[in-house]
Every structure is written in structure tokens, then in C-alpha cells.
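Down below is the structure, laid out as C-alpha cells.
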Amino acid sequence: MEEKRSVKLALLGLGTVGGGVYKLLERQKEELLDKAGASLELVKILVHNIKKERAGVDASLLTDKWEEIIEDPQIEIVIEVMGGIEPARTMILEALNAGKNVVTANKDLVAEYGRELLDAAQKNQVDFLFEAAVAGGIPIIRPLKQCLASNEIDEVIGIVNGTTNYILTKMFEEGMDFEEALAKATELGYAEADPTADIEGLDAGRKVAIMASIAFHSRVTFSDVYTEGITKISAKDIGYAKEFDSVIKLLGVAHNTEWGIEVAVHPMIIAQDHPLASVRDSFNAIFLHGDAVDDVMFYGRGAGELPTASAIMGDVIDVARDIRYQCTGRISCTCYRDTLVKEFKDVKNKFFLRMQVDNKPGVLAAIASVFGVHKVSISKVIQKVITDGVAELVIVTEAVKEYHMEDAIEHLKDMDTTREISSVIREY
Ligand code: NAP
Ligand code: HSE
């Protein structure tokens, strides 16, 4: 075993997460020698705007020249926290091909180019770790790859976007409408200036693709994930969820079935007594089932400066240990299967459907027969008269294939007695 006393690091990006990594490196300076078996020395920080004022940061470390990092043979770990696909992808590939280990928080990149990056790491016998890319500070990648490695995992479901969980919590508990709750989430810094990726389920979709790949040992990319956001959830829907002793959550759902992998992100009505129903505000949680371990849940902060930096630094310490024991590249790609990802139209779900219809004899019977024609079995019907002429119908179905439900909805829309299909939400 080689006695390593110092490992040199470069940081790509000094924004929210990069700033957190910088702080933890300072805070843990003395401890790291014992924890990692080597002192960790930050020698370069790549930024976009070198002129920006950065309080508390050693300005001599800053650079806007990638060559100063990639061409320095002493830098053994590159921490990528810039975000986006390019130039992050090219820089990471160049770093791996130069024999440097890489730690990243970049879910966009891992969800799309994970295979390419892991292959490059394997070829060069270096570590490529990305614990922070899924659910920020919550350990989930390492537990899946290591602690739970002997399990056959058949289900991973998670609340993996803090912004949308905060919005839904405020709508449920304080009666806020969507716009008001989104404004509050933006004010608190949870939502991005452009919140599309959060509220449309794209951010969660990327995280679920990464988790499904690792849990089921078969590559799932972001393009395989059906995504639907929370913008259509209304106070009325929340009211019905309460009536059903349930809540509405944006869930990432992945199943490994006999017929292939099912993977999606969409709002779901979930019973109050499910552990995920109690995950409030901007917290995240991942619930999974393995054949040996049974049910497991991971809960915590899914984003933010220090929680995300905590996951990054866990990876960095692991790499430093691997460098010390000369075993980098020990745990690389774990996708040794090639399982089909099912088309979403073939996935089965239970549905909650709320619609406005003419309030007259025979309407309910006609609607029931449409469901029958399209092989949709009904489990519950609630009718509330809104005005003399209009009734609000809520229909909850048994589990049915997505395309049967879609056909039934199209058929219902064509009926003269249908005023509006107000909402369609899946039920867990
Ligand atoms: P951020 O605050 O926008 O910071 C990005 C940093 O990268 C900035 O310092 C910026 O430089 C630098 N940068 C961007 N493009 C660059 C380029 N082409 N060349 C050099 N430097 C460049 O982003 P963040 O919130 O820290 O997120 C970073 C990564 O972590 C993303 O992949 C994100 O998805 C992931 N992540 C974030 C969170 C979170 O809570 N924020 C949680 C989990 C994962 P300047 O400072 O000069 O502008
Ligand atoms: N925008 C994300 C969230 C955090 O709200 O959870 C970064 O993954």
C-alpha cells in the first residue's frame, strides 16, 4: 500500500453547490487527513466569470482556463458542479481519459450520458461517482450499488423534487393555489428562476432514470421516462384527496416487472398511511422494495448548498481512499442486464377522474358503459350536484393499461353530455 499524504483537487463551478464544497473542505480540513487517509488540497477552481466578487474564497485558486486543470498531472480528482450538458460532458470525458477521477452532481448529464461516462471511467480504471446527482444530501446511489447489492429490487418510488413537494404541501395544508405556492417556493430559493424543469417533472425524471438504472442493473435514460408535472393540480383535487384520506405527491415511479421496466414521473394520490405521504415541505424521500431487505425508505434534504456538498464530499473521500489503496475504478457501471423499458401506454395504473356532466337521467349509466367498452373497471363513483344543470362526477378505477384509459377519456370527451374533463390523476 502506498502512503499518500496529499490528493490534489480541482473544482469546476463555484455556484450554490461549488460554494458548499469549498466551505466543507475548509471546515473539515483537519479531519480529512484521518477520514480520507490523505489531505485534500483544492488547487484550482474553474468559473465562468473570473471577475465576479466571491467573498471568503482564495482568489488565487480561480481560473477560467480548463487547460490549467486538464494539463496538470498532479490533479487527481475533478469535482464537476457547473451543470448542463456542455461543456461539462467534454470536460468530464477529457478528465477521465487523462486518468483523473471525477465526482459530479450533474443529473442532466448522468441521466443521458451515464453509460458513456462510466465506460470511459472503466476504460481508464478511475472512479466516476455521482451520489449528489439524485436527491442531494440523501445517500441512495451508494446504498443501491453496495449495501443493497444482494437484493432483487422490484420497486423504487420517490419524492425527488423539493420545489414541487413544497408547492403541493402548501396547497394541501394551507389552501394556497398553485401560482401562490410557486411564488413562495421561488422566494425561498427552492425553485429556479425558470421553474419548468421542476414543475413539469423533468428534474425528477432525470433522477428516476438514474435510480432505475442502478436498482434494476439495466440502462434507463431520461428519454425512457414518461413525465407529467403538477401544474394542473387544483384545490378541488386536493379536497377529494383529503376525502379519501390521501395526499397528492409528485412521484417518480420505477418498477422492474416480468414484462420489462416501467418508469414515470407524475402526480399521484397516495394514502395518508404510506410513509411517503408524510414527507412534507421541500424534503425528499425514496422508498424501495428488495426481495431480501423488504421495504426501505431514505429521507432528507434533496437539494441546497451544504446537503448537496455533503454528498459530493462523501464521494471525494471515497475516491481519496481508493487512490490511497490503488483501487480506483473498483465500482463502475453496474448495468449488466439489458432489460426492455416498457412503453408507457402499456403500464397499468389506477385513475382518479373528475368531470363535469349534464345532470340528467341516463348520463351516469352511459358513462359507465364507455368505461366497460374500453376495459376499464370502476372501483368508486362520487356524484356532487354543482348546479341544477351540472353534476361533478368523480370516478376511481381499478388498475388499467394507460392506453385503455386514454381511449376511454377520448370517448367521454366526445359525448354530448360531457361539459369538461377536469382532472385525471393516477392513484398509488
Ligand atoms: P449554479 O449555482 O448555477 O453554479 C454554476 C457554477 O458553474 C457557477 O460558479 C458558474 O460560474 C460555473 N459555470 C457554469 N458554466 C461554466 C462554464 N462553461 N465554464 C466555467 N464555469 C462555469 O449551479 P448549482 O446550483 O451549484 O448546480 C450545479 C450542479 O449541481 C448542477 O448540475 C445541478 O443540477 C446540480 N445540483 C444542484 C443542486 C442544488 O441544490 N443547487 C442539488 C443537486 C444537484 P460563475 O460563478 O462564474 O457564473
Ligand atoms: N430543483 C431541485 C429541487 C433541486 O427542487 O429538488 C436540484 O436537484
Side-chain angles (χ1 to χ4, degrees), residues 10-23 44-55 57 59 61-70 78-92 102-113 130-138 140-141 158-169 182 185-186 188-208 210 222 229-230 250 252 265 279 281-286 300-312 315:
L11 191 56
L12 315 185
L14 191 63
T16 305
V17 181
V21 171
Y22 189 92
K23 280 184 192 160
K44 278 281 173 249
I45 306 173
L46 184 76
V47 290
H48 189 59
N49 178 5
I50 194 99
K51 295 201 178 102
K52 201 191 271 182
E53 200 57 46
R54 301 176 200 265
V57 174
L61 301 181
L62 299 175
T63 180
D64 56 3
K65 293 183 183 56
W66 169 235
E67 307 79 68
E68 290 184 12
I69 292 169
I70 191 67
V78 170
I79 306 166
E80 187 277 309
V81 282
M82 300 187 300
I85 301 295
E86 288 294 353
R89 171 172 166 250
T90 301
M91 287 178 183
I92 291 178
V102 175
V103 173
T104 183
N106 195 328
K107 62 196 110 49
D108 303 38
L109 195 55
V110 178
E112 213 165 321
Y113 295 99
F130 46 89
E131 185 63 67
V134 178
I138 304 176
I140 184 65
I141 306 293
I159 294 169
V160 285
N161 182 269
T163 302
T164 45
N165 202 42
Y166 176 82
I167 292 172
L168 290 171
T169 304
L182 172 60
T186 309
L188 289 170
Y190 297 146
E192 306 283 326
D194 174 2
T196 313
D198 293 316
I199 61 179
E200 295 298 349
L202 314 180
D203 175 74
R206 294 184 175 110
K207 294 167 182 167
V208 174
I210 298 170
F222 176 53
I230 61 163
L250 182 71
V265 170
V279 178
D281 285 330
S282 63
F283 279 93
N284 283 200
I286 296 128
R301 290 271 174 215
E305 184 193 42
L306 289 179
T308 312
S310 156
I312 295 261
D315 280 351

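Index from 1, following the sequence. The model shown is predicted, which means the values in this text are computed figures rather than measured ones. First listed ligand is number 1; within each ligand, the first listed atom is number 1.
- Distances below 4.0 Å separate heavy atoms of G162 from the following atoms of ligand 2: 3 (C), 5 (O), 6 (O).
- Contacts between D203 and ligand 2, counted as non-hydrogen atom pairs separated by less than 4.0 Å, involve the side chain only.
- The nearest protein atom to atom 40 (O) of ligand 1, hydrogens excluded, is given as G304 N, 2.7 Å; this is a heavy-atom distance.
- Annotation for ligand 1: atoms under 4.0 Å from non-hydrogen atoms of L14 are 6 (C), 8 (C), 9 (O).
- Between atom 41 (N) of ligand 1 and the options V134, V110, V17, the minimum heavy-atom separation is to V17.
- Close contacts of ligand 2 with A303, meaning ligand atoms under 4.0 Å from a residue heavy atom, involve 4 (C).
- Electrostatic pairing of E305 and K23 counts as a salt bridge here, judged by a charged N lying under 4.0 Å from a carboxylate O.
- The protein heavy-atom contact nearest to atom 28 (C) of ligand 1 is V81 O, 3.3 Å.
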Please assess R54 against L14 for the test side-chain contact (heavy atoms from CB on, under 4.5 Å), listing each intermediate value before the final yes or no.
CA-CA 9 Å; R54 301 176 200 265; L14 191 63; 3.6 Å; yes

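- Nearest heavy atom pair, residue A133 against residue K107, reads O-CB, 3.3 Å.
- The presence of a protein heavy atom under 4.0 Å from atom 23 (O) of ligand 1 is ruled out.
- Considering backbone and side-chain N/O atoms, N49 comes within less than 3.5 Å of an N/O atom of ligand 1.
- Closest protein heavy atom to atom 16 (C) of ligand 1: M82 SD, 3.8 Å.
- The protein non-hydrogen atom at the shortest distance from atom 1 (N) of ligand 2 is D198 OD1, 2.8 Å.
- Nearest protein heavy-atom neighbour of atom 2 (O) of ligand 1: T16 N, 3.0 Å.
- Close approach to A132 involves these atoms of ligand 1, each under 4.0 Å from a residue heavy atom: 43 (C), 44 (C).
- Distances below 4.0 Å separate heavy atoms of P87 from the following atoms of ligand 1: 18 (N).
- Residue K107 has at least one heavy-atom neighbour below 4.0 Å for each of these atoms of ligand 1: 33 (C), 34 (O), 36 (N), 44 (C).
- In this structure, N165 contributes its side chain and D281 its backbone to a donor-acceptor pair below 3.5 Å.
- At a cut-off of 3.5 Å, with distance as the only test, a side-chain donor of R301 or S282 sits close to an acceptor on the other residue.
- Heavy atoms of R54 found under 4.0 angstrom from ligand 1 belong exclusively to the side chain.
- Atom 30 (O) of ligand 1 has A105 CB, 3.5 Å as its closest protein atom, hydrogens excluded (heavy atom only).
- Scanning the protein for heavy atoms near atom 12 (C) of ligand 1, the closest one is G13 CA, 3.8 Å.
- By the 3.5 Å distance cut-off applied to N or O atoms, K207 is counted among the residues near ligand 2.
- Between A88 and G84, the shortest heavy-atom contact is CB-O, 3.5 Å.
- Put simply, no part of E80 is less than 4.0 Å from ligand 1, judged by heavy atoms.
- Ligand 2 places these atoms under 4.0 Å from at least one heavy atom of K107: 7 (C), 8 (O).
- Separation of atoms CG (L12) and NZ (K44) is listed at 12.5 Å; rounding is to 0.5 Å.
- Nearest to atom 11 (O) of ligand 1 among the protein's heavy atoms is H48 N, 3.2 Å.
- Shortest contact from atom 31 (C) of ligand 1 to any protein heavy atom: G83 CA, 3.5 Å.
- At a 4.0 Å heavy-atom cut-off, ligand 1 touches T308 through the side chain alone.
- Under the 3.5 Å distance criterion, the side-chain polar atoms of E80 are left unmatched by any main-chain donor or acceptor of V103.
- Ranking protein heavy atoms by distance to atom 5 (O) of ligand 2, first place goes to T163 OG1, 2.6 Å.
- Counting heavy-atom neighbours within 6.0 Å of E86 CD, excluding the residue itself, gives a total above 12.
- Side-chain contact between I69 and M91 is absent, with no heavy-atom pair separated by less than 4.5 Å.
- Counting the atoms of ligand 1 from 1 in the order shown, those under 4.0 Å from a heavy atom of A303 are 40 (O).
- Shown here for N161 and A204, the closest heavy-atom pair between the two residues is CB-CB, 4.4 Å.
- Counting all heavy atoms, side chain and backbone alike, T164 lies closest to I199 at CG2-CA, 3.8 Å.
- Partner of V81 under the side chain to side chain contact (heavy atoms under 4.5 Å, CB included) criterion, chosen from L46, N106, T104, L11: L11.
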Take I210 and I141 through the test side-chain contact (heavy atoms from CB on, under 4.5 Å) and record every step on the way to the result.
CA-CA 9 Å; I210 298 170; I141 306 293; 3.9 Å; yes

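- Checked by distance only, ligand 1 and M91 stay at 3.5 Å or farther apart across all their nitrogen or oxygen atoms.
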